[in-house]
Amino acid sequence: MSLKLVGVTACISGVAHTYMAAERLEKLCLQEKWQVKVETQGALGVENALSEADIAQADIVLLITEIQLENSDRFTHSRCVQTGIHTFLRTPEKVMAAVKKIAASPQGTHIVLA
């Protein structure tokens with residue numbers, strides 16, 4: 001299954017965990033042979049911002065965050081998996097399983113992992 005993902009990572013301090021999660025997501029998607037573009041919302045502000053086209057073309061949006069994201073309403077109509085950074089870093093297989101599961105769901109479906 002070839003998927004196209006977009007992701008957003010953000011942590012409270014906006015430093016290490018934001019970028020660790022982005023790097024981990026990129027590596028996992030590479031292993032799965034999925035395309036991914038990751039926006040980070042960290043201490044330096046929004047980097048690698050997702051365009052409307054990026055979001056529209058994505059099969060799935062993955063929100064890996066510990067804080068309220070800027071412009072989170074842009075993902076309302078997307079298939080979306082949301083989880084905390086610590087959950088993602090500790091159990092990435094759980095998150096990736098949710099991504100595979102939601103791929104067959106209708107647009108607008110949201111899964112929140114604790």
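These numbers come from a predicted model, not from an experiment. Basis for what follows: all heavy atoms, side chains included, without hydrogens, waters or symmetry-related copies.
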In sequence, state the C-alpha distance, the side-chain angles, and the governing distance for Val38 and Tyr19, and then conclude on side-chain contact (heavy atoms from CB on, under 4.5 Å).
CA-CA 10 Å; Val38 183; Tyr19 301 101; over 6 Å; no

Compare every heavy atom of Met96 with every heavy atom of Leu28, then report the nearest pair and how far apart it is.
CB-CE, 3.8 Å

For Ile102 and Cys80 the tightest heavy-atom approach is CD1-O, 3.3 Å

Determine whether Gln41 and Glu47 satisfy the following criterion, side-chain contact (heavy atoms from CB on, under 4.5 Å), listing intermediate values before the conclusion.
CA-CA 6 Å; Gln41 294 187 12; Glu47 295 178 278; over 6 Å; no

Given the rule that I, L, V, M, F, W and Y join up when any side-chain heavy atoms are under 4.5 Å apart, are Leu63 and Leu50 in one cluster?
yes

Considering only distance and modelled atom types, tabulate donor-acceptor pairs under 3.5 Å from the side chains of residues 2-15, sequence neighbours left out.
unit_1, atom_1, unit_2, atom_2, d
Lys4, NZ, Gln57, OE1, 3.2
Thr9, OG1, Thr18, O, 2.9

I need the minimum non-hydrogen distance between Arg24 and Pro92, along with the two atoms involved.
NH1-CG, 3.4 Å

Under a plain distance cut-off of 3.5 Å, with no hydrogens placed, do Asp73 and Thr76 share a side-chain donor-acceptor pair?
no

Which heavy-atom pair separates Ile60 from Val99 by the least distance, and what is that distance?
CD1-O, 3.3 Å

Any link between Leu69 and Leu62 through a network of hydrophobic side chains (Ile, Leu, Val, Met, Phe, Trp, Tyr) touching at under 4.5 Å?
no

Are more than 12 heavy atoms from other residues, nucleotides or ligands located less than 6.0 Å from atom CD of Gln107?
yes

Ala49: side chain to side chain contact (heavy atoms under 4.5 Å, CB included) partners, not counting sequence neighbours
Glu39, Val46

I'd like to know if the side chain of Thr91 and the backbone of Glu93 have a donor-acceptor N/O pair within less than 3.5 Å.
no

Minimal non-hydrogen separation, Lys37 against Asn48, with atom names:
CE-OD1, 3.5 Å

Can you name the closest pair of heavy atoms from Ile64 and Ala21 and give their distance?
CG2-CB, 4.1 Å

Does the side chain of Ile85 come within less than 4.5 Å of Thr65's, by heavy atoms?
no

Do Ile111 and Phe75 sit in the same hydrophobic cluster, where Ile, Leu, Val, Met, Phe, Trp and Tyr count as joined when their side-chain heavy atoms come under 4.5 Å apart?
no

State, with a plain yes or no, whether a side-chain heavy atom of Leu113 is found less than 4.5 Å away from one of Val95.
yes

Say whether, by atom type as modelled, one donor and one acceptor occur between the side chain of Ser51 and the main chain of Asp54 under 3.5 angstrom.
yes

Go through the steps for Lys100 and Glu32 under the test side-chain contact (heavy atoms from CB on, under 4.5 Å), then give the verdict.
CA-CA 10 Å; Lys100 291 175 184 175; Glu32 295 284 347; 3.2 Å; yes

With clusters defined by side-chain heavy atoms of hydrophobic residues (ILVMFWY) lying less than 4.5 Å apart, directly or transitively, does Val36 cluster with Phe88?
yes

Same cluster or not: are Val61 and Trp34 linked, directly or through other Ile, Leu, Val, Met, Phe, Trp or Tyr residues, by side-chain heavy atoms under 4.5 angstrom apart?
no

Assess the residue pair Met20 and Glu23 against the criterion (side-chain contact (heavy atoms from CB on, under 4.5 Å)); give the C-alpha distance rounded to whole Å, side-chain angles, the decisive distance to 0.1 Å, and a yes or no.
CA-CA 5 Å; Met20 285 170 54; Glu23 187 176 317; 5.9 Å; no

Side chain to side chain contact (heavy atoms under 4.5 Å, CB included) against His77, all qualifying residues, sequence neighbours excluded
none

In this structure, NE2 of His110 is separated from CZ of Arg79 (nearest 0.5 Å) by 10.5 Å

